[in-house]
Participant: 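Here it is, the structure in full.
Just so we're on the same page: letters track the sequence lines, and every chain starts at 1. Because the structure is a prediction, the values reported are computed rather than measured. Values reported hereafter were calculated over all heavy atoms of this structure, with side chains retained and with hydrogens, waters and symmetry mates removed.
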Amino acid sequence: MIAEILKAYNEAVFETDKEAAFEVVEAALAAGLRAEEVVFKVVIPAVEEMMSSITKDPDANLAQHFMTAQIAAEVTERMLQRFAHPPAILGRVVIGTAAGDLHSLGKRIVMGCLKALMVEVVDLGVNVPAERFVEAALEHDAQVIAVSAMMVHTATSEQGARAVRRILDERGLSNRIKLVVGGAPYRFDNELYKIVGGDGWAADGITAGRIIIHLIRDVKSEQNGQNEQNKQHEEREHDPA
Amino acid sequence: MTPILTAASAAHCLRLPVVAGLSVRDLLDATALRVRAACGGSGACGACLVRQIGGSANPFTLAEYQKLTPEQREAGVRLACQVRPQGDLEVALDDPAPPSPWRSVAAADLVPLTGALPELHSHIYGVAVDLGTTHIRVALWNRKQGQRIATRVGPNPQGVFGADLLNRLAAAHATPQRAAELAKLARSAIVQAVRDILARDLGEVRPMLAQIGELLVVGNSAMLALLTGEGLAALLDPDSWAEAVAYQPSDPEGWRSRWSMPHAKILLPASLFGFVGADLLANLLATGLTQGPPGSLLLDVGTNTEIALWDGRRLWVTSVPGGPAFEAVGIRHGMPAEAGAIYRVRAGGGQGGLQLETIGEQPARGFCGSGLIDAVALLLERGVLKRSGRFAQPPGPEGYRLDPENPRSALTGGDVDALQRAKAATAAAMAELLQRAGLQWGELRRLCLCGAFGHTLTIAHAQALGLLPPIARQRIELRADSSLTGCEMALLSGEGLQRLAQAGERLEAINLATCPGHEERFIDHLLLRAIR
């Protein structure tokens, strides 16, 4: 049954037909599929399929990219409300566009993919000051800050990702919070992310999702390691011997 | 059938629809194939020689008897300014004017205006300039008599720094040298256009430059910032968009002296909000939008699309960087509305069941904006394209040829994508303004479409793609050059800056980037289908 549903859903996504995608999902639920299965066995494979086909397409159609990410995010959000147990969230990301940049659509694709991949996203909107990124990351206990910039001058600006990097370094947060960047200028120059102090970058939404999940795991294992060390340290201190 | 003027030189062969009342010179002045000229078309200079090789025209005029020898007349030589086609006409240009980026604004795009300043006694000439991102339009007026001497349109040479406004602003902001370079490009283009008019239509350049008393420039904020080098940082920082910038020539004496216009008052209106500036005011003035009924919408389509909605009490305004797709920039075989541009596509006839109409009836070299809309709409209608923007059968990297024989008639997936995003940005912005005003699409009483498409847009196709709202055709007005018209009206009022400022009263500027739900709306409008 899953195979048929996946086929119908893929078709709807391929046609970027949101209404049809919702119809397929509702029919699947009515036929006894659980919301969890819809997300993990239908939505995520469909997003991956779509993104990879778009990435290979020489005439990549951004409009279809936007519509696909939107469908994935909306279907996932609707399914999350019907999960039997609260979904296991892998981690949390704060995302926004760099100071001076109002181009929000690239960020939107990444958000759609992250949500479908079970990463919680705190959207700070557009034209976000560097301090706000860091404050929000601390406030929401996020493992990753994602800064989007669609123009060369906002990607390389001293007020954008570079400033976030500086604040993280100054406040000794670099192990606790990772910085990823994305947007057109990073696609043209694949080394630019290092120059602005990013811990990673990605060319498309699904890759961004994978890289962010990877960084979230790094931060968490480092924190666990720290906790482990602290625990051992405490144990030693309390060791009467 | 409209009679056709065929004009051939060694380099060009154009076929132009005849317009009643216009001379061969008038018709050719709006193309890249111009006759030589040094007077306003009175027959006084005798420079505009053409040779009639077929068809019919009016008999020789008095001026032609004076300027042409009997041998010349015997050989069919005519003065282009004196000869008017009567039915089809074929002429040869043995010695055309040297190539120039400037040509006259098409007669159909010009509006007769009644203003005049009879009290003026000196420096009676005035220049109206519409400084666009892609094109510069200039009109020279005898202000005292209220007479339009001539107009010119040509490319904005700043285009070499990018079709996109932000690229140019960032380039100018990066170094003062680059800013100066960009400013100089625009300033020289303006004076070249004026000099071209003086040389060809008055026959004297320098003495006439000294008779120019006023030069009024309208353009979006970015264009005026790049012209003056002022306010560049403010435009790159969205936090400062709410502050109006008063653009002033950094060195007006220097401008006057380099332009050889010692008496020209140079007037540049202030910006309104962010990128919305004097070009919108000029459009408002030309269309009288706020004098019309509530539910009047103005859409100035271009690289930077500006939209204004009058709801009877307030004027809601926004701008969208819709991308240059409507001007066919960034389209694989996109081109300006020049000879060889596909400006219209019709069903039936031709190979592949599509009939391509090109400017000058030349072999198709590419699409201009209106042709692109027609092409996508017809391919959608025939199921070649799906409403997602995908081709039903992938046409391969070369794209889908509308004319199977002509590779330059091909449309690629990327082209469709660019058009989808541009039209979605425009439609979503209109939807936002309607919501602010509490109006529905069906309540639009009047839609003034200004800018890139000119008069050749097929409204029904623009509606089928979801670019224009589905309202009755008679409520939609095509106003090709209304920002130049508004600038001319302001110039002729004698108090240009005040007139423009008044046109923008009761204006509420909306920054779409901060509107909740705007992105969802944009994405909802990406499908190729009628607005609903």
Participant: I need the residue from B:Asp237, B:Leu527, B:Leu512 with the largest number of non-hydrogen atom pairs under 4.5 Å to chain A.
Facilitator: B:Leu527

Participant: Give, for atom CD of A:Gln64 and atom CG of B:Leu526, the distance between the pair rounded to the nearest 0.5 Å.
Facilitator: 9.5 Å

Participant: I'd like to know whether CD of A:Glu19 has more than 12 heavy-atom contacts from other residues, nucleotides or ligands below 6.0 angstrom.
Facilitator: yes

Participant: Taking the side chain as every heavy atom from C-beta outward, state whether A:Thr16 and B:Lys386 have any pair of such atoms under 4.5 Å apart.
Facilitator: no

Participant: Please classify the contact between B:Asp239 and chain A as side chain, backbone, both or neither, with a heavy-atom cut-off of under 4.5 Å.
Facilitator: both

Participant: Dump the intermediate steps for side chain to side chain contact (heavy atoms under 4.5 Å, CB included) on A:Phe66 and B:Glu519, then the final yes or no.
Facilitator: CA-CA 10 Å; A:Phe66 292 140; B:Glu519 290 171 10; over 6 Å; no

Participant: Measuring from B:Asp417:CG to A:His65:NE2, what's the distance to the nearest 0.5 Å?
Facilitator: 10.5 Å

Participant: For the residue pair A:Gly100 and B:Pro238, what are the closest heavy atoms and their distance?
Facilitator: CA-CD, 3.5 Å

Participant: Sort out for me which of A:Gln159, A:His153, A:Glu74 touches chain B most, counting heavy-atom pairs under 4.5 Å.
Facilitator: A:His153

Participant: Distance from B:Trp241 atom CH2 to A:Asn127 atom CG, nearest 0.5 Å?
Facilitator: 8.5 Å

Participant: Atom CD of residue position B:Glu520 - does it have more than 12 heavy atoms of other residues, nucleotides or ligands inside 6.0 Å?
Facilitator: yes

Participant: Give, for atom CZ of A:Arg108 and atom CD1 of B:Ile523, the distance between the pair rounded to the nearest 0.5 Å.
Facilitator: 4.5 Å

Participant: Go through B:Asn167 and A:Met151 one step at a time and tell me if the side chain to side chain contact (heavy atoms under 4.5 Å, CB included) criterion holds.
Facilitator: CA-CA 8 Å; B:Asn167 288 338; A:Met151 298 177 288; 5.9 Å; no

Participant: Just verifying a value: how many Å separate B:Gln420 CD and A:Leu62 CG, rounded to the nearest 0.5 Å?
Facilitator: 10.0 Å

Participant: Does CZ in A:Arg166 sit with more than 12 non-hydrogen atoms of other residues, nucleotides or ligands closer than 6.0 Å?
Facilitator: yes

Participant: With a 6.0 Å cut-off (strictly less than), is the heavy-atom count around CZ of B:Arg529, excluding the residue itself, greater than 12?
Facilitator: yes

Participant: Working to the nearest 0.5 angstrom, can you tell me the gap between B:Leu166 CG and A:Met150 CE?
Facilitator: 13.0 Å

Participant: By a 4.5 Å heavy-atom criterion (distance strictly below it), what part of A:Gln70 contacts chain B: side chain, backbone, both, or neither?
Facilitator: side chain

Participant: Over all heavy atoms of both residues, which pair between B:Ser388 and A:Met67 is shortest? Give the atoms and the distance, please.
Facilitator: O-CE, 3.8 Å

